[in-house]
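Naming: A, B, ... by sequence-line order, numbering from 1 per chain. These figures come from a predicted structure and were not determined experimentally.
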Number of protein chains: 2
Amino acid sequence: MADTAGEPVMRRTRGLDRAFEILEFLRVKRRPMRPNEIASEIGAPRSSVYELVNLLLNHGMLDYEGGDGRVYLGRRLYFLGTAYAEQFDLMRECDRMLLRLSEETRETAQMCVLEGRKYTVAMMREGLRPFRISASIGELVPLPWTASGRLLLSHLSDTQILDLIPPEDFVLPRGIRLEPGEFIAQARKARSDGFFTFNSEIENFTQCFAVPIYQPDGICTATLCLVAPREDGLNNRDRYLKSLLTAASEISEKLGYGRETPGQDLPRERTGGVRAIDTRG
Amino acid sequence: MADTAGEPVMRRTRGLDRAFEILEFLRVKRRPMRPNEIASEIGAPRSSVYELVNLLLNHGMLDYEGGDGRVYLGRRLYFLGTAYAEQFDLMRECDRMLLRLSEETRETAQMCVLEGRKYTVAMMREGLRPFRISASIGELVPLPWTASGRLLLSHLSDTQILDLIPPEDFVLPRGIRLEPGEFIAQARKARSDGFFTFNSEIENFTQCFAVPIYQPDGICTATLCLVAPREDGLNNRDRYLKSLLTAASEISEKLGYGRETPGQDLPRERTGGVRAIDTRG
DNA sequence: CCTAAAATTCTAATATACCGGACATGTATC
DNA sequence: GATACATGTCCGGTATATTAGAATTTTAGG
């Protein structure tokens, strides 16, 4: 429906949207940038970006960094993010557990969640070995690429799973396509086993272990994971799984997730469940 | 002054400003709230707040929480805040050090900074003792109330210090006024001693220990602190101070703060491990 | 049930935020 | 010194975001 002639479809973007676009852009880039550079890379009017950057600086949402007119995410964002994390018992408990796990195993321990239609690492404690394995917190990754993906979706029906995962996400990093049916089968098995482990689809030399943390209603809110060098992971498989399972059950215990509380009508938590998915980059 | 007739000085507030006002308000309140409640408490038009809250929800900057139309800071803020903290070597190193300090001493360890004209706790690791002493990260506190306050300002001249601190902040929590001259003298002594310790102005039964982390230019970027029950703090004074001083000097070492590197503004290599492998569980 | 208050959605006007584009200022390259 | 490009500032017009207030729905009592 491209109208060849006429309609000068003037579209302005709301300041708020643009501002968050800038913040998200800097988060992905992971380095301070100049306003001019930001403007051209996100394809926004320069004058708008300059104005917004100044507003964000005034609010402490951006800070000058690198001393050359470059800006990066500001300290106030850090305080807001901390307040978010403090609010949730789950995150506080996981913080403790990740610490213990990484000390017990010397491997990198993670807490992972469903974010929209993707998987992401929410918390991480790096292992103590010389070559640490690490990932970016908040980076979105296709669910089939990850061990946790099997567990995070295991409470959904087959069709719900297929509706949730974008078809292209079944193509694994090495270019091979995973059959959706196979993925679902793995998810079912993971649910009944109470864990999932495989060698990473992303990095060939690493072994991943994931165990679920369930809410009372059976939804897998999050997973605890260990990421180990392959050899090492295989040698310690049982020990690692035991550590993970113990940690997960202690968290469930602590948060009262352990005992079923079916009586109360749960007020439809949005987090963790399938969120109404809105389209944004 | 009040114009009886006339000028209808219509003032609109920019969406961005109000949006951040909402976020900050929720941060201070530290609990989920309804849009309506937010609107009336911050004195903003209801229709505006409803619209902004919806925008913020779409961006993930707010999340529904408590299942009753109440909203609180969203997960995306957490990811942005994490990205901020990852960017700075100082914060990553402090995270490790706070952990070690809290394990060595079993006391609450903090990293504190100057935020505008106030003191604030930027990072914290709670102690292991049954009655933990803790504080809210990001909460602004008058500088004279804190041990770190002496160190954070010690690079300034007398007049700069007096200009920076709001006069009313010299009134301590118990209502007694601290003479500015006395505060400055303490700051000078702290600078030459390399630490400051006193029993808290805020909480009477606690002893505070603070040591500075200096940039190459001699500015005190941050402090490391221990907060202990009074009795306990006095008994272990030397040991605690030694732990803190060691930790601070290791951080300086690691970040190259130790040797003077004037003039150069190097694009730092990330300290710590080799970040070669990128894998998710 | 009814009534009142609280919470939310809708609507239309208008104050202004966003944007295009001109201008100014480096700072490299030849 | 001329050219090109990157960076930042400024300004006026207009598309639209903000707002007051009305309308609607939900909740709370009694």
Side-chain angles (χ1 to χ4, degrees), chain A residues 3 6-26 29 31-59 61-72 264-268 270 276 278 280-281, chain B residues 3 6-26 29 31-59 61-72 265 267:
Chain A
D3 45 356
E7 281 302 307
V9 199
M10 243 325 186
R11 214 109 252 276
R12 286 188 183 182
T13 303
R14 198 189 272 255
L16 246 192
D17 295 335
R18 206 73 101 179
F20 291 142
E21 193 182 354
I22 291 170
L23 296 180
E24 185 61 18
F25 177 72
L26 287 171
K29 287 290 184 183
R31 64 184 175 88
M33 293 176 77
R34 287 214 163 97
N36 201 34
E37 201 181 353
I38 297 172
S40 62
E41 290 214 32
I42 69 176
R46 283 222 313 270
S47 44
S48 305
V49 171
Y50 273 98
E51 170 146 25
L52 288 169
V53 164
N54 282 323
L55 289 170
L56 290 168
L57 283 168
N58 289 338
H59 280 286
M61 301 292 168
L62 292 179
D63 283 335
Y64 281 115
E65 208 60 48
D68 195 16
R70 267 179 268 269
V71 297
Y72 192 66
Q264 60 186 354
D265 83 324
L266 350 141
R268 195 65 188 100
R270 285 223 179 178
D278 53 11
R280 67 195 126 96
Chain B
D3 45 356
E7 277 304 306
V9 197
M10 247 324 178
R11 214 112 255 276
R12 288 187 182 183
T13 302
R14 197 189 272 255
L16 245 190
D17 295 333
R18 263 225 226 280
F20 292 141
E21 192 183 355
I22 292 170
L23 296 181
E24 185 62 17
F25 178 72
L26 287 171
K29 286 292 184 181
R31 65 183 174 90
M33 294 177 76
R34 287 218 167 92
N36 199 38
E37 201 180 354
I38 296 172
S40 61
E41 290 215 30
I42 69 176
R46 286 217 299 270
S47 42
S48 305
V49 172
Y50 273 98
E51 169 140 25
L52 288 169
V53 163
N54 282 323
L55 289 170
L56 290 168
L57 283 168
N58 288 337
H59 280 287
M61 301 291 168
L62 292 178
D63 283 334
Y64 282 114
E65 209 60 47
D68 195 16
R70 269 179 268 268
V71 297
Y72 192 66
D265 193 20

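Near DNA chain C, meaning a heavy atom under 4.0 Å away, the residues from residues 35-54 of chain A are Pro45(A), Ser47(A), Ser48(A). Residues of residues 13-20 of chain A that place a heavy atom closer than 4.0 Å to DNA chain C, in numerical order, are Thr13(A), Arg14(A), Gly15(A), Arg18(A).
Interatomic distance, CG of Asn36(A) versus CZ of Arg70(A), reported as 12.0 Å (0.5 Å rounding).
Side-chain contact between Met61(A) and Leu55(A) is absent, with no heavy atoms from C-beta onward closer than 4.5 Å. Counting only heavy atoms from C-beta outward, the side chains of Leu62(A) and Leu26(A) approach each other to under 4.5 Å.
Atom CZ of Arg34(B) is separated from atom P of dT9(C) by 12 Å (rounded to the nearest Å). In this structure, the CG atom of Leu55(A) is 12 Å from the C1' atom of dC18(C), given to the nearest Å. Following rounding to the nearest Å, Arg11(B) (CZ) and dT18(D) (P) show an atom-to-atom distance of 15 Å. Remark: C1' of dC18(C) and CG of Leu56(A) are 15 Å apart, rounded to the nearest angstrom. Distance CZ (Arg12(A)) to P (dT18(D)): 13 Å, rounded to an integer number of Å.
For Arg31(A), the salt bridge (charged side-chain N to carboxylate O under 4.0 Å, His left out) partners two or more places apart in sequence, or in a different chain, are Glu37(A). For Glu51(A), the salt bridge (charged side-chain N to carboxylate O under 4.0 Å, His left out) partners two or more places apart in sequence, or in a different chain, are Arg14(B). Every residue was checked against the side chain to side chain donor-acceptor pair (under 3.5 Å) condition with Glu21(B), not counting sequence neighbours, and none meets it. Under the rule for a side chain to side chain donor-acceptor pair (under 3.5 Å), Asn54(B) has no partner lying at least two apart in sequence or in another chain. Residues passing the side chain to side chain contact (heavy atoms under 4.5 Å, CB included) test with Thr13(B), sequence neighbours excluded: Asp17(B), Arg18(B).
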> Would Glu24(A) and Phe20(A) count as a side-chain contact (heavy atoms from CB on, under 4.5 Å) if you check the C-alpha gap in whole Å, the side-chain angles of each, and the deciding distance to 0.1 Å?
Replying inline: CA-CA 6 Å; Glu24(A) 185 61 18; Phe20(A) 291 142; over 6 Å; no
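Here the shortest heavy-atom pairing between Leu52(B) and Gly15(B) reads CD2-O, 3.8 Å.
The end-to-end axis angle of the helix from dC1(C)-dG30(D) to dC30(C)-dG1(D), rounded to 10 degrees and based on five pairs per end, is 50°.
For residues 35-57 of chain B, no residue pair satisfies the ring-ring contact (aromatic ring centres under 6.0 Å, His included) rule, not counting sequence neighbours.
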